[in-house]
Amino acid sequence: MRIGALEAGGTKMVCAIGDETGRIYEQISIPTKTPEETVPEMIDYFKKAGVEALGIGCFGPIDPDRSSSTYGYITSTPKLAWANYNIVGVFEKALGCPVGFDTDVNGSVLGEVTFGQAKGKNCVIYVTIGTGVGAGIYIEGKLLHGMLHPEAGHVMIQRRADDTYGGKCPYHKNCLEGMAAGPAVEERWGQKAVALQDREEVWDLEAYYIAQALSGYILTLSPELIILGGGIMHQKQLFPMIRRYVAEMLNGYIQTEELKDMEHYIVPASLGDDQGIMGAIELGRRALIN
Ligand code: ADP
Ligand code: ZN
């Protein structure tokens, strides 16, 4: 099977050709401009490769509901050129093949469940902490959509008393994304996140906020595994700090084997940075067999 995969992001579009085993044969990255500028180039790429199906993991919000009249659309995104854009329709028409579609983070969790460390698990959460914060949720063996799709990056968290930063989300004063995504870290501390590497107080506060959200996810969804990715999580020192805060916040209330072994419970992605694109391959494969 030759399957096309698209990881559609606000800054770049990663396009790849792979197969059902998750093997990636080739990959390109195109800067995200307007649909008029960016989409024809992608169509050209997938056409030349002769793909039998395409899977798209997309920045959102999107409409993933097959019974909806706006299924396959990017909906109310602040990236205005892409708002109300029928991304699935455009590729279906141009390529004449089945197209699978989900959020970028659902794509990532699917990649980890199909090809990575989460194989065989039934309830897994993938959280990306980068330019924004998002969570893909695989629950009872299925990608969770519900009425739309989870927007767990915007859960409210409690501000720490010593933090006077106002938050970056235009909708919420104290959601995780507004308090802890890359742009918030950089605005709060006045430096690029990577340049803050040695400032322990930066990552301590960051871990404290991320742990609050994770504790909420654990209490609500009872995941067997939590995978953290995205640019901010390149700061590997965050992992032990987050695990410690989560244990402290849950305070022994939940007793499971998983929580006793935090090091294998809250973990980095296992597929390098390919979990998203590999998940998109699986979305494409599923579209083809369905
Ligand atoms: P996106 O979310 O746009 O797909 P990333 O996941 O790479 O992209 O996230 C970008 C954000 O991550 C930037 O805002 C930056 O603050 C942060 N970031 C990127 N690399 C690092 C790093 N090595 N250490 C800390 N933060 C980083
Ligand atoms: Zn928010």
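Read the numbers this way: they start at 1 and go in the same order the structure lists the ligands and their atoms. Being a predicted model, the structure only gives us computed values, none of them experimental.
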Taken to the nearest 0.5 Å, the spacing of Glu258 CD from Tyr265 OH works out to 7.0 Å
Tell me the nearest of Gln191, Glu206, Glu186 to atom 15 (C) of ligand 1, using heavy-atom distances. Glu186
Going by distance only, is there an N or O of Trp203 that falls short of 3.5 Å from an N or O of ligand 1? no
Among Gly132, Gly182, Ala195, which residue places a heavy atom closest to atom 14 (O) of ligand 1? Gly182
Apply side chain to side chain contact (heavy atoms under 4.5 Å, CB included) to Glu248 and list each qualifying residue two or more places apart in sequence or on a separate chain. Tyr245
Under a 4.0 Å N-O cut-off, is there an ion pair linking Arg243 with Glu263? no
Given the ring of Tyr208, does Arg160 sit roughly above its face, with NZ or CZ under 6.0 Å from the centre of the six-membered ring and within 45° of the axis? yes
Return yes or no for this condition: an N or O of Gly231 is under 3.5 Å from an N or O of ligand 1. yes
Ionic contact status for Arg199 with Glu201, cut-off 4.0 Å: yes
Please say whether Gln235 places an N or O atom under 3.5 Å from an N or O atom belonging to ligand 1. yes
Report the member of Ala193, Gly276, Pro183, Gly9 with the shortest heavy-atom distance to atom 26 (N) of ligand 1. Ala193
Measure the distance from atom 23 (N) of ligand 1 to every protein heavy atom, then report the residue, atom name and distance (to 0.1 Å) of the closest one. His234 CB, 3.5 Å
Give a yes/no verdict on a cation-pi contact between Lys79 and Phe59, requiring under 6.0 Å between NZ or CZ and the six-membered ring centre and an angle within 45° of the axis. yes
With a sphere of 6.0 Å drawn around NZ of Lys48, does it hold more than 12 non-hydrogen atoms of other residues, nucleotides or ligands? no
What is the number of protein N, O or S atoms that sit under 2.8 Å away from the Zn ion (ligand 2)? 4
Would Leu250 and Val267 show up in the same hydrophobic cluster when neighbours are defined by side-chain heavy atoms closer than 4.5 Å? no
Do Asp63 and Ser68 have a side chain donor and acceptor closer than 3.5 Å? yes
For atom 9 (O) of ligand 1, what's the nearest protein heavy atom and its distance? Gly130 CA, 3.1 Å
Looking at every non-hydrogen atom in both residues, tell me the closest pair between Ile87 and Cys58 and how far apart they are. CD1-SG, 4.5 Å
For a quick check under 3.5 Å, do Tyr25 and Asp19 share a side-chain donor-acceptor pair by atom type? yes
Part of Lys192 with heavy atoms under 4.0 Å of ligand 1, whether side chain, backbone, both or neither: neither
With heavy atoms of Gly230 as the reference, note each atom of ligand 1 found under 4.0 Å away. 6 (O)
Heavy atom of the protein closest to atom 3 (O) of ligand 1 (residue, atom name, distance): Thr131 OG1, 2.6 Å
